[in-house]
A.B. asks: 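Quick one: structure below, then a few questions.
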Amino acid sequence: MSESSLIDSCEVTINSAIKRLSTLEGKNKKALESEFKEWIDAIESDNKNYDVLFVNKIN
């Protein structure tokens, strides 16, 4: 997987999660926030430390 393809995949995943969060409420919203907590924190942080974002390639 190329670096640009990996970045594009992460971007799509993050954008989809954020869009979904805007439509959820209650326990469903909390569950999704918990699942993507590290990603959301990385996006919202001042230093934009994206080291937490990773994907394991399955062969």
Side-chain angles (χ1 to χ4, degrees):
M1 179 177 278
S2 71
E3 183 175 337
S4 64
S5 183
L6 176 60
I7 291 169
D8 291 343
S9 295
C10 287
E11 183 179 357
V12 168
T13 302
I14 291 167
N15 287 339
S16 296
I18 291 171
K19 184 177 180 180
R20 183 80 174 121
L21 278 171
S22 71
T23 64
L24 294 174
E25 296 179 356
K27 291 182 180 182
N28 290 326
K29 185 172 185 166
K30 289 290 182 193
L32 189 59
E33 285 174 336
S34 177
E35 184 69 27
F36 287 95
K37 181 180 181 355
E38 291 87 5
W39 290 31
I40 294 167
D41 289 348
I43 292 166
E44 293 176 347
S45 73
D46 290 334
N47 64 4
K48 303 295 183 204
N49 182 4
Y50 297 119
D51 291 345
V52 71
L53 305 178
F54 69 92
V55 175
N56 290 327
K57 183 177 179 184
I58 299 173
N59 293 323

A.B. asks: Any ring pair (Phe, Tyr, Trp, His ring centres under 6.0 Å) involving residues 17-38? Give me the pairs, sequence neighbours left out, ordered by first then second residue.
C.D. replies: F36-W39
A.B. asks: Please name all residues satisfying side-chain contact (heavy atoms from CB on, under 4.5 Å) with S16, sequence neighbours left out, ordered by chain then number.
C.D. replies: V12
A.B. asks: The criterion is side-chain contact (heavy atoms from CB on, under 4.5 Å); which residues satisfy it with E35, sequence neighbours excluded?
C.D. replies: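 Counting only residues at least two positions away or on another chain, E35 forms no side-chain contact (heavy atoms from CB on, under 4.5 Å).
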A.B. asks: Just to verify, what does L21 make a side-chain contact (heavy atoms from CB on, under 4.5 Å) with, not counting sequence neighbours?
C.D. replies: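 Applying side-chain contact (heavy atoms from CB on, under 4.5 Å) to L21 gives K29, L32, E33, I40.
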A.B. asks: Distance check, rounded to the nearest 0.5 Å: T13 atom OG1 versus I18 atom CD1?
C.D. replies: 11.0 Å
A.B. asks: The criterion is side-chain hydrogen bond (donor to acceptor under 3.5 Å, both in side chains); which residues satisfy it with K30, sequence neighbours excluded?
C.D. replies: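 By the side-chain hydrogen bond (donor to acceptor under 3.5 Å, both in side chains) rule, K30 matches no residue at all.
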A.B. asks: Quick check for you: to the nearest 0.5 Å, what is the distance between L24 atom CG and R20 atom CZ?
C.D. replies: 4.0 Å
